[in-house]
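What follows is one structure encoded as structure tokens, with my remarks underneath.
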Amino acid sequence: MASVWHPCTQMQRAQSVPPLPIARASGPWLQDYAGARYFDANSSWWVNLFGHADARINAALHAQLDSLPHVMLAGCTHAPAVELAERLRALTGGVLGHAFYASDGASAVEIALKMSFHAWRNLGHGDKREFVCVRQGYHGETLGALAVTDVAVFRDAYDPLLMRAHLVASPDARRALAGESAAERAAQALAEVRALFEARHAHIAAFIVEPLVQCAAGMAMHDPSYLRGLRALCDEYEVHLIADEIAVGCGRTGSFFAFEQAAQPGEAPLWPDFICLSKGISGGYLPLSLVLTRDPIYACFLDDDVARGFLHSHSYTGNALACRAALAVLDRFATDDVLARNRGLAPLLSAALAPLADDTRIEHLRQRGMIWAFDVREAHAGERFAERFHLAGRGNGLLIRPIGRTVYLMPPYVLDAELASWLAERTLRTLDQTLADSARIPIGHAARTPEPPTA
């Protein structure tokens, strides 16, 4: 363990709570070297869509490996990169028709920020160099992405290195006052955006938002009207709108792109100016991210002057294997009608988690698409709640990592009625055991521990 510096880990603490050694994986299950199995309840940091070692994705990668693993994308091109860009363009109705490839989510955010500023500069608006982000928002941990992130544990140590961004109120529905709806909370947050735009729009390049769910904030969910309002304000004040769909894209919120839910039913689709995509797009197989943008922004960079081009790059841009994995993911969505299937699956887990609605130890039970979350009340959580819950989860056959006092489930899209029931029961048991350990109260769901489903 001493040789590997683990992410999001205080390595001093890792001496007491060592990482879980995983030997193999299949479907939603991870297996350690002793043969114990763990359900991947958080999809290995939200990347795994169809389970581990999926046969169809494996086959696609084997075929690609035998023909072209990688070639530089500067001065060269290849079929997987072209086909993936074209298929994503089609999923946006042709509106976001240009894909710029990268590796990880933070890199995609960096690209979108740079691309927005550079486009304005090429149009003669070099003063538009400021960015706006939402309180509690998370967009990555490279310096540019961190500058538009508002999660203190990640940001504060590096604050002296960061550019200054404008912070506006979160539309987090949990912050609604008594009697106030999620839509009313969103309207209040939009009013703050309007005031800022009125004062600074001549200097603001872009607004960046996680559509529908601010994940690292503890799965903070907001009303879709917030996205409609942002699109209207950005149009009115000539500000680019960046949708960070790194965590919430690829069906996690119920539609392939979360921003699809911005439009009212029956209305024409609304789209941002940029979409950042990563995590699930390659199905949990290989690092891949990309930025989709509109024709007018792409056209800003077309010139005989090289300096007016977008010269951002890295060595593995548009890696053929990663693009092929993404194409296999899109194939699964198309052939299996995944979004419709998930709409049938989601109520199964929601019903199995229903006992939490009457549990006075928790609050804000919520769900959006294939994301479920609840918050443990501070009076019950105790010290190191997330760590204690994680360890109790291991004992119940779960790999699950709360965010602070927020317990969330973001499982692979392979649930059935039996597995949904089992996952909910194990989550409830883990909650009871964790809180009993903290408050020394009897365990409330102490039924026998069921064996994990074999599928």
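Sequence positions, counted from 1, serve as the residue numbers for this chain.
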Other residues, nucleotides and ligands only: do more than 12 of their heavy atoms fall within 6.0 Å of [atom1] on [X]?
| X | atom1 | value |
| --- | --- | --- |
| Tyr298 | OH | no |
| Glu236 | CD | yes |
| Arg401 | CZ | no |
| Glu238 | CD | no |
| Gln12 | CD | no |

Ignoring hydrogens and angles, state whether a donor on the side chain of [X] or [Y] is under 3.5 Å from an acceptor on the partner side chain.
| X | Y | answer |
| --- | --- | --- |
| Asn48 | Ser44 | no |
| Arg185 | Tyr226 | no |
| Gln261 | Arg368 | yes |

Are any side-chain N or O atoms of [X] and backbone N or O atoms of [Y], one a donor and one an acceptor, separated by less than 3.5 Å?
| X | Y | answer |
| --- | --- | --- |
| Arg228 | Ala262 | yes |
| Glu192 | Ala169 | yes |
| Asp104 | Ala106 | yes |
| Thr149 | His139 | yes |
| Asn42 | Trp45 | no |
| Ser43 | Met410 | yes |
| Arg324 | Ala60 | no |
| Ser289 | Leu277 | no |
| Arg155 | Ala147 | yes |
| Arg200 | Glu198 | no |

Kindly compute the distance separating [atom1] ([X]) from [atom2] ([Y]), expressed to the nearest 0.5 Å.
| X | Y | atom1 | atom2 | result |
| --- | --- | --- | --- | --- |
| Glu245 | Thr253 | CD | OG1 | 7.0 Å |
| Leu270 | Gln264 | CG | CD | 9.0 Å |
| Ser116 | Ile208 | OG | CD1 | 10.0 Å |
| Phe385 | Ile403 | CZ | CD1 | 12.0 Å |
| Tyr138 | Ile246 | OH | CD1 | 8.5 Å |
| Leu91 | Phe257 | CG | CZ | 5.5 Å |

Non-hydrogen atoms of [X] and [Y] that approach each other most closely:
| X | Y | answer |
| --- | --- | --- |
| Val248 | Val213 | CG1-O, 3.5 Å |
| Ala85 | Tyr101 | N-OH, 3.2 Å |
| Gly251 | Tyr413 | C-OH, 3.2 Å |
| Asn342 | Met370 | ND2-CG, 3.7 Å |
| Leu435 | His380 | CD2-O, 3.3 Å |
| Leu212 | Ala258 | CD1-O, 3.6 Å |

Test side chain to side chain contact (heavy atoms under 4.5 Å, CB included) applied to Cys300 and Trp120, step by step
CA-CA 8 Å; Cys300 292; Trp120 286 122; over 6 Å; no
Is it true that Phe50 and Tyr285 have ring centroids separated by less than 6.0 Å?
no
Close aromatic pair by centroid cut-off 6.0 Å: Tyr408 and Trp372:
no
Before giving the answer on side chain to side chain contact (heavy atoms under 4.5 Å, CB included), spell out for His314 and Ser103 the whole-Å C-alpha distance, their side-chain angles and the decisive distance to 0.1 Å.
CA-CA 8 Å; His314 72 87; Ser103 56; 3.8 Å; yes
N-O pairing of Asp359 and Arg377 below 4.0 Å:
no
Salt bridge check, Asp416 against Arg341: does any charged N sit closer than 4.0 Å to a carboxylate O?
no
Check whether any side-chain heavy atom of [X] sits under 4.5 Å from a side-chain heavy atom of [Y], and report yes or no.
| X | Y | value |
| --- | --- | --- |
| Leu431 | Thr427 | no |
| Ile204 | Leu196 | yes |
| Cys250 | Leu49 | yes |
| Leu290 | Leu88 | yes |
| Glu210 | His222 | no |
| Ile242 | Leu113 | yes |
| Ile297 | Phe274 | yes |
| Val134 | Asp150 | no |

Test salt bridge (charged side-chain N to carboxylate O under 4.0 Å, His left out) applied to Glu83 and Arg87, step by step:
CA-CA 6 Å; Glu83 184 180 351; Arg87 290 179 66 176; 3.6 Å; yes
Applying salt bridge (charged side-chain N to carboxylate O under 4.0 Å, His left out), run through Arg388 and Asp437 and close with a yes or a no.
CA-CA 9 Å; Arg388 289 172 21 245; Asp437 174 63; 3.3 Å; yes
With ring-ring contact (aromatic ring centres under 6.0 Å, His included) as the criterion, how do Trp29 and Tyr38 come out once you've worked through the C-alpha distance, each side chain's angles and the decisive distance to 0.1 Å?
CA-CA 6 Å; Trp29 301 102; Tyr38 308 88; 9.2 Å; no
Under the salt bridge (charged side-chain N to carboxylate O under 4.0 Å, His left out) criterion, do Arg343 and Asp337 qualify, and how do the steps go?
CA-CA 10 Å; Arg343 285 193 291 271; Asp337 200 0; 5.3 Å; no
Audit row: Arg231, Asp273, salt bridge (charged side-chain N to carboxylate O under 4.0 Å, His left out) steps and yes/no
CA-CA 9 Å; Arg231 180 67 277 177; Asp273 300 298; 3.1 Å; yes
List the steps, then state whether side chain to side chain contact (heavy atoms under 4.5 Å, CB included) holds for Arg294 with Trp271.
CA-CA 10 Å; Arg294 295 171 176 257; Trp271 294 103; 3.6 Å; yes
Hey, what's the ring geometry for His312 with Phe310, parallel, tilted or perpendicular (30° and 60° as the breaks)?
parallel
Give the C-alpha distance, both sets of side-chain angles, the deciding distance and a yes or no for side chain to side chain contact (heavy atoms under 4.5 Å, CB included) between Val168 and Phe207.
CA-CA 10 Å; Val168 294; Phe207 187 110; 3.8 Å; yes
Asp172, Asp375, Asp223 screened by salt bridge (Lys or Arg N to Asp or Glu O under 4.0 Å) with Arg366, the one that passes:
Asp375
